[in-house]
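Here the structure is a predicted model, which is why all the values come from computation and not from measurement. Below, chains carry the letters A, B, ... as their sequence lines are ordered, and counting in each starts from 1.
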Amino acid sequence: MDAQLQILSEFSSSHHWMWLWPEIVLAALALALLAVELLLPKSDRWLLRISLGAQVAVFAALIAGLVGGTLPTSDVALFAGAIQPTLSGHLMRIFFVGCSILVCFLGYLYLERRPLARAEYYHLVMIVTAAMMLLAQITHFVAFFVALETVTIGFYILVAYGRNSSYSLEAGLKYMIMGGFSSGLLLFGIVLLYGAAGSPTLIGPAGDPFQFGQLGAVIAENPGNPLIVIGALLVIVGICFKIGSFPFQYWIPDVYQGAPTPTTAFLAVSSKSMGFYLLYVLLTGPFLGLQSILVPVIGIMTYCTIAFGNIAALGQNNVKRVIGMSGVAHAGILLVGILAAMRGVDWAFQAIFFYLITYALASFAVFGVMCHVAPDEDANQEREHYFGLMQNHPFLGGVLAVGLGSLAGIPPLAGFVAKAAIIVAAFQAKLYLLVAFVLVGVVVSIFYYFGWLRAAVTNPHPEIQGEPHPVVAPSVGSRALLAVLALASVVLGLYQGGLLS
Amino acid sequence: MTVGLFHYLAVSGLLFIAGVLGVLLRRNVLVVFMSLELMLTASISALVAFSRFNATPDNPMMGGNVFVLFIIAIAACEVAVGLAIIVALWRRRQTVDLAELKGMKQ
């Protein structure tokens, strides 16, 4: 009995709830939002203000904590080894809060024009963000799976949020089937790893095989065990569904098209970045012992992802599908960074993180413009809607040009530097063929991004075009936000500060 | 014959494969949904079997058994949200057949 008590007290002595305050604050405010809506009906603006204000405060406090060194970045394991604060984890937490702020704002633009529930949107975005922030620090598969499912189930609702649109519901159903399937594969992989790594017949079985560190030690001792190999592959497949790498990308076009535009942005940026960070943590952590099997698997996947994403994006006319398919191509380039990290390039995480930042800035600029151009049926955003945008709304057209240019990697925008950093990392990892492949992919991507931009620049004859597509004039707030996003894409292209060192 | 770890794993593997095939091949959304739950059930049974057979006097391996409770709770959440989406879609489209849900193909 005493021994058990001692285990319990050792467990509880590492429970430092204070160190998880950003997640707790976000989750508590998400709940408070529901109460605010109940108490103050017709309070659209207040809902936005509260959620934005809280998240900006958390964002600023996290950055201050990181700069001031008050965030724990030591090797202390919290919650009996379930949570491990790391510097990269803190950077991702800040990244997720930043994305969440932008998603909430886009959500306001979307909800403003539609008869849908308000508070629940911000509520879900904040809950999902809190779960993502937890995921960035988790080193235990039970907590990992629970947090990942919080994200996934939150996304089911966010994708199907446009309840009055059958496209949105259809996308929600497809995302749910895909998400449930990938979670099922991932879970089975976790179970196989648990069973194999805890088996007394192996060399040095783990006491708690769910814990990444102990699991990694077992895997390093027994890299050839079939259960371990299958389990690790299943876990990676489950995560690859989230990042949409080939051949797990088939859900992307339909879901991206049907989901409300802010949710599409959330999926394209936050969910994908989360997947990449998890992949990075697992592949350079517990799965390090399986390199000889995983490097070729991920290598082949990278080639296919870049090729498929770029080719498929060429044939799309709906701009949300273009974004989805080009996102697959971006996932391929990020996978190159992951491969470089697996082959021991120590600054590969900086390259990946910088790429994620530039991708987020450019994507949110483009999505912000899309929110203004979108017709009432959010799924039908065709390239033709952009005809004459540059002339009729030069501001939106300019932001679109900067965003698409950065996504395509045109110098001197930030996307160019990010792609260059990944390519240099791949070069250092001696992935020469892959570097050539990435360069071809970048050239192809210029075609479809500029096809979209050309639509915005051309001004077809009024007799052919008829009335120009109605565009919502941006308010002062959205003008300011879009300008900041576009400026950041330009500035980060010229000056990277300490982000790449 | 004593029932050992291998037998439990065989059953759970078969359940898992049945679930995967059901998701990939069936066209009725409700059957697909059931198959998803089957995949989770396969994981649960394997978890309990592993916990039972890997346990030693020093290490009772309770982690796996506790994880089962989390999985059940998550599966319940998934069902709650999933059925809500299916019902809402049924009201709009009067169909739950995946082959007919192709509103967004170009």
Side-chain angles (χ1 to χ4, degrees), chain A residues 140-143 145-146 149-150 152-154 156-157 159-160 163-167 169-181 183-192 194-201 205-211 227 253-255 257-258 315-318 321 379, chain B residues 5 9 12-13 16 19-20 23-24 29 32-33 35-51 53-56 58-59 61-64 66-67 70-71 73-75 77-82 84-93 96 98 101-106:
Chain A
H140 192 277
F141 267 125
V142 174
F145 188 71
V146 173
E149 283 303 284
T150 312
T152 310
I153 293 174
Y156 297 167
I157 312 174
V159 171
R163 263 194 331 190
N164 48 9
S165 153
S166 68
Y167 294 117
L169 290 172
E170 185 182 324
L173 183 72
K174 286 181 173 166
Y175 188 70
M176 185 190 71
I177 292 172
M178 186 289 305
F181 188 59
S183 308
L185 296 176
L186 182 101
L187 179 64
F188 204 68
I190 294 176
V191 171
L192 290 184
Y194 169 78
S199 165
T201 58
D208 182 3
F210 286 128
Q211 217 274 326
L227 276 188
D254 279 1
V255 171
Q257 185 190 348
Q316 308 289 345
N317 196 47
N318 184 300
R321 292 176 91 93
Chain B
L5 177 61
L9 290 188
S12 116
F16 185 72
V20 170
V23 173
L24 294 179
V29 170
V32 169
F33 210 55
S35 306
L36 287 176
E37 298 303 312
L38 215 54
M39 288 168 72
L40 295 183
T41 312
S43 301
I44 290 177
S45 55
L47 256 183
V48 176
F50 276 133
S51 290
F53 284 94
N54 283 345
T56 52
D58 305 334
N59 182 4
M61 282 283 182
M62 288 313 285
V66 174
F67 194 13
F70 284 101
I71 297 172
I74 287 168
C77 295
E78 208 171 89
V79 168
V81 174
I85 293 176
I86 291 174
V87 169
L89 192 66
W90 170 264
R91 286 200 184 142
R92 291 233 141 226
R93 297 279 275 273
V96 286
L98 280 177
L101 288 173
K102 285 190 174 155
M104 288 180 285
K105 287 277 179 294
Q106 289 194 329

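- The candidate with the highest count of non-hydrogen atom pairs below 4.5 Å against chain B, out of A/Gly195, A/Gly172, A/Pro200, A/Gly184, is A/Gly195.
- Interface remark: B/Leu47 contributes backbone and side-chain atoms alike to the contact with chain A (heavy atom separation under 4.5 Å).
- The part of A/Ile190 that comes within reach of chain B is its side chain, from C-beta onward, which places non-hydrogen atoms under 4.5 angstrom from that chain.
- Between chain A and the residues B/Leu9, B/Asn59, B/Val23, B/Ile74, the most heavy-atom pairs under 4.5 angstrom are made by B/Ile74.
- Using a 4.5 Å cut-off between heavy atoms, A/Leu227 touches chain B through its side chain atoms alone.
- In terms of non-hydrogen atom pairs under 4.5 Å with chain A, the most contact-rich of B/Ala75, B/Ser51, B/Ala73 is B/Ser51.
- Proximity to chain B is absent for every atom of A/Pro253, based on heavy atoms less than 4.5 angstrom apart.
- No donor-acceptor contact under 3.5 angstrom links the side chains of A/Tyr175 and A/Thr152, judged on distance only.
- Between A/Asp208 and B/Met61, the closest side-chain pair of non-hydrogen atoms is not below 4.5 Å.
- Between A/Phe188 and B/Phe16, the ring-plane angle classifies as parallel under the 30° and 60° cut-offs.
- Ring geometry for A/Tyr194 versus A/Phe210: interplanar angle under 30°, hence parallel rather than tilted (30 to 60°).
- Of the atoms belonging to B/Leu98, it is side-chain heavy atoms, and not backbone ones, that fall under 4.5 Å from chain A.
- Residue A/Glu149 touches chain B through its side chain alone, counting heavy-atom pairs closer than 4.5 Å.
- Remark: side-chain polar atoms of B/Arg92 are paired, donor with acceptor, to backbone N or O of A/Asn164 under 3.5 angstrom.
- The distance from the NZ atom of A/Lys174 to the CG atom of B/Leu101 is 6.5 Å, given to the nearest 0.5 Å.
- Counting non-hydrogen atoms of other residues, nucleotides and ligands closer than 6.0 Å to CZ of A/Phe145 gives a total above 12.
- Contact annotation for B/Leu5: neither backbone nor side-chain heavy atoms come within less than 4.5 Å of a heavy atom of chain A.
- Interface summary for chain A: among B/Gly64, B/Ala88, B/Ala55, the most heavy-atom pairs under 4.5 angstrom belong to B/Gly64.
- Distance check, rounded to the nearest 0.5 Å: CG of B/Leu36 to CD of B/Glu78 gives 6.5 Å.
- With respect to chain A, the highest number of heavy-atom pairs below 4.5 Å among B/Leu40, B/Thr56, B/Val20 belongs to B/Val20.
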